[in-house]
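Following: one structure in structure tokens, then a few remarks.
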Amino acid sequence: MRRRKEQAHSDPSDLPPAQRLRWIFWLLLWLSVEAIWLLAMRKSPESLLGQPSNDPAVSTVRVVAASVVPLALLLLAIHAFWRARIEWLAYQPGPLLIFPVVDWTVDRERRQNSADDQPGSSARGEAVRAELQRLLVETQLQGSTAIPSPGRSSDFLQVVEEVGGRTDGFGGTLLRFVRLLSPRSSYEVRCAILQPDLVGGGAYSGSCALLIELTRAPKHVLAPETIIEESWEQATAKAAAWIAAMVLPRTRKCKLAPWTLWQGLRLPPDLFSVYQEFRVEQDRGLYWAGSESRDLGSAAAQRKECYVNALRALNKALKLDPSNLALRLEKGKLLELNSEYLAALETYDSIISQAARRDRRLAYLRFGPPHKGESDADAARRWNDKRRARGLHPSDPVVYVARYRYALLLSLGEELANEWWSTDEPRCHVNNATRLEGLSALRRSLSSRMKVAYAEPIARLKQQFGEIDDLTMNPDEFLVDPARVIAVNDKDLGKRKLGARLFFTSIGVWEVEHLLTERPRFGIYSRRRRQQIHVVPSRSLELLLPRAILRRAMIFVGKDGEDVGQLGSHIAKAESSMLYPIDEPVLEPGLKNLVAGGWPANVGSLRRWIVRKSGRRGGALRSWHEHYNAACVISILLQREMKGVEARIDVIDAAVTELEKAVACGDSGFLASQSAWILSDDPDLAALRESQRFEDFRISKLGQDVGRR
């Protein structure tokens, strides 16, 4: 199936794949043969050349063989080294060599009146070349920069080439030979500015025409591409997208998300162009999120506009590549930033459901175990997609991050329940590959899938909380589209919201416990597992469990000291496990009495548990993510009324201290990208942002000297 897909999307005229290993093998082979030949000639030349003879012809053959064979092997090794270098630059990829842009329009009258038929350069050509270099740098395919910078290592080779061209004799030959063995680039780009009315007999509309030719060393040339647009900015952007789309599938950068499944295939230039548009709008949104403008209302409006444009670009990209799970993950994160929690939850759920069709364990978790009287083989046929060509493995970091974000979102039971039973339309209209239109269709889709996937947790909730009169554990009551409910009074609506909050937070505990049980405790980690640990450290995952427990316990505590009646006496059940028998504690024994004594939670027990986790496997928490999760867990305690001002101050100091440690672990670029999430978006830090201690942290550590957001 993979071969058929490649034949359908690739073409013989595409760039050839990089064969670096093949030429490294030939280099080692020729060097080995050379070494064996020289060693044999030193010890026993008679075994290779035969016995010495007085015949002049035989002696001549012996001398020629003794000198020509090692020289030929050396030349073959040099050629293999040169090709291996070329293939490695094609796979990296190395810097793209962009030649000066030829302008065929400015010099046309001059060339008609003279014998010179060669085009010349112009200011427009230099501007097009500079813009093309800048765009290729933004695509991260070109290692150079668009601004003046100190000399690179390849500049030394250029100096060697120039010196070798001016030097005669053996020295000049040697310098030119060194330059020949060290190519600077494997890809060459040639551009020409054409007259639009002369392209295609005037069949194309537009005022700016570019002819792009891409060459792949040593001798492969793609068919030239003609680009005609209304402006030079659009033409240059389209040219950069075409070049990147041709080069990217043949390089190692295609192993990174979101292009993992496009390796060796033909990448549509429109898809790459739309993805670049999304990245630009996302970066603009981050800029406005961290803007120090005094007009915070204008900055918020600009940021929202950037997020809407980025979401629109992502929807276009998903129409061109609907099975790209990495693009869906980016969409889920973007919806979270815009507080569209249900839409983000559905996006993550679709990623997990699609990946589950490739793994039996995850499929049983998402689609349920075999039915009564059904064998494992029949169950596998029921959910497994045999027609798939390629897809992300369930242990891929993209799928793992989606499961992590999914568990985080489920813990936001209050926000999800309020949005579920809200009559307002979503701020960002959902119109994606799953054909969801509007919030009603979103609720129906999530309800149908959750009732099947979480049949076992629902049964446990009915067993555990079925005796409470003010709470309903029937999913047909709280997982229903409000548009289909004829009339709901305030009391009934409160019961439905309460049931939805308990359901979401409980399955959040369920998902976190599954993630913890799937984590290998011992042994050598696989490559995918190492990638998972890189994006979500093990201790960050462990800190999700107290977060889920505290979020679940908040259901049984009223806001601002509100009396919750009979419900408040069941707060101890918040720390019960969803994966293991109900009468057993959660996975971590240290969290057994976290909320058993009521709210506020046992702060000392929580701090000791975090300290104990910090000391596991040698030393304190080592990453930004671990300290940040610890700060979020502590900050949740502030979202309900605490007894005593000193206790609240201690919690605030502990949370801000963890944030300061997190900032100390992160580099400047990463902190700039996360500052908006810390300052305004993360719901776990909502109560902490109201404290003066957080204001001091924001000014001193993040440099945000503006009013509260």
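Under the 3.5 Å distance criterion, the side-chain polar atoms of Tyr91 are left unmatched by any main-chain donor or acceptor of Arg20. Not one N or O on the side chain of Ser445 forms a donor-acceptor pair closer than 3.5 Å with the backbone of Ala441. In this structure, Thr226 contributes its side chain and Leu211 its backbone to no donor-acceptor pair below 3.5 Å. With hydrogens and angles ignored, the 3.5 Å screen pairs a side-chain donor or acceptor of Thr139 with a backbone N or O of Leu136. Asn338 places no side-chain N or O within 3.5 Å of a backbone atom of Glu340 that could act as its donor or acceptor partner. A side-chain donor-acceptor contact under 3.5 Å links Asn629 to the backbone of Ser540. With Thr251 contributing its side chain and Leu248 its backbone, the two residues share a donor-acceptor pair below 3.5 Å. In terms of modelled atom types and a separation under 3.5 Å, the side chain of Thr347 and the main chain of Gly332 share no donor-acceptor contact.
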Ignoring hydrogens and angles, write down the donor-acceptor pairs under 3.5 Å from the side chains of residues 271-282, residues two or more places apart or on other chains.
| unit_1 | atom_1 | unit_2 | atom_2 | d |
| --- | --- | --- | --- | --- |
| Gln276 | OE1 | Arg279 | NH1 | 3.4 |
| Glu281 | OE1 | Arg284 | NH1 | 2.9 |
| Glu281 | OE2 | Arg284 | NH1 | 3.4 |

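In this model, a donor atom of one side chain and an acceptor atom of the other lie less than 3.5 Å apart for Glu336 and Tyr348. Side chains of Gln354 and Arg328: a donor-acceptor N/O pair is present below 3.5 angstrom, by distance only. Neither side chain, Asn324 nor Trp259, offers a donor N or O lying under 3.5 Å from an acceptor on the other. In this structure, a donor-acceptor pair under 3.5 Å is present between the side chains of Arg312 and Asn309.
Annotation: Trp23 is in aromatic contact with His79 [ring centroid separation under 6.0 Å].
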Determine, step by step, whether Leu132 and Ile243 satisfy the side chain to side chain contact (heavy atoms under 4.5 Å, CB included) criterion, reporting the C-alpha distance in whole Å, the side-chain angles of both residues, the deciding distance to 0.1 Å, and the verdict. CA-CA 10 Å; Leu132 190 61; Ile243 295 171; 4.3 Å; yes
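In terms of heavy atoms, Pro249 sits closest to Cys254 at CA-SG, 3.8 Å.
A salt bridge between Glu131 and Arg129 is absent, with no side-chain N of the basic residue lying under 4.0 Å from a carboxylate O of the acidic one. Residues Arg403 and Glu518 are paired through a salt bridge, judged by an N-O separation under 4.0 Å between the basic side chain and the carboxylate.
With sequence neighbours left out, Lys238 forms a salt bridge (charged side-chain N to carboxylate O under 4.0 Å, His left out) with Glu229.
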